[in-house]
Amino acid sequence: MSGKAISGQDAAKRAKSAKRPKCPICGKPTVQDYRPFCGRACADEDLSRWLGGRYVVAGESVGHKDDDDKE
């Protein structure tokens with residue numbers, strides 16, 4: 001086998017970073033206070049996308065009542 005042996009400390013670092021979730025906006029590691037985001041800027045960007053109508057929740061469309069209901 002060729003290559004370097006991985007020290008216990010390096011392996012622990014890799015395992016810790018591999019388990020840490022990433023921000024859905026920019027891909028940086030998340031911060032506990034802003035989970036699931038990395039910070040306030042990405043949290044605000046996500047809110048802006050929701051409020052601007054760029055995100056939608058899948059489901060049946062809800063129509064307005066037609067005049068047929070008045071009869």
Side-chain angles (χ1 to χ4, degrees):
M1 282 182 117
S2 63
K4 289 197 256 182
I6 299 174
S7 73
Q9 194 174 33
D10 289 339
K13 273 186 181 179
R14 287 184 183 167
K16 187 177 181 181
S17 67
K19 292 179 184 177
R20 194 164 182 194
K22 296 189 186 261
C23 174
I25 302 296
C26 70
K28 292 180 184 176
T30 61
V31 174
Q32 185 63 33
D33 290 344
Y34 295 102
R35 277 190 81 179
F37 307 104
C38 66
R40 182 173 210 102
C42 285
D44 288 346
E45 175 62 25
D46 184 69
L47 179 60
S48 174
R49 290 177 183 183
W50 277 106
L51 296 175
R54 291 174 54 192
Y55 292 146
V56 293
V57 177
E60 293 182 30
S61 70
V62 178
H64 297 286
K65 292 184 178 181
D66 294 327
D67 289 347
D68 295 338
D69 293 339
K70 292 180 182 178
E71 293 178 14

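The figures that follow rest on heavy atoms only: side chains count, while hydrogens, waters and symmetry mates do not. Residues: numbered from 1 along the sequence shown. Everything quoted here is computed from the prediction, not taken from an experiment.
By the neighbour-count criterion of 12 heavy atoms within 6.0 Å, atom CZ of R40 is sparsely surrounded, having that number or fewer from other residues, nucleotides or ligands.
One hydrophobic cluster, built from ILVMFWY side chains closer than 4.5 Å, holds both Y55 and F37.
In plain terms, the two heavy atoms of G27 and K22 that are nearest each other are O-CD, 3.3 Å. The two residues C38 and C26 have their closest heavy-atom pair at SG-SG, 3.5 Å.
The closest side-chain heavy-atom distance from D44 to Y34 is not below 4.5 Å.
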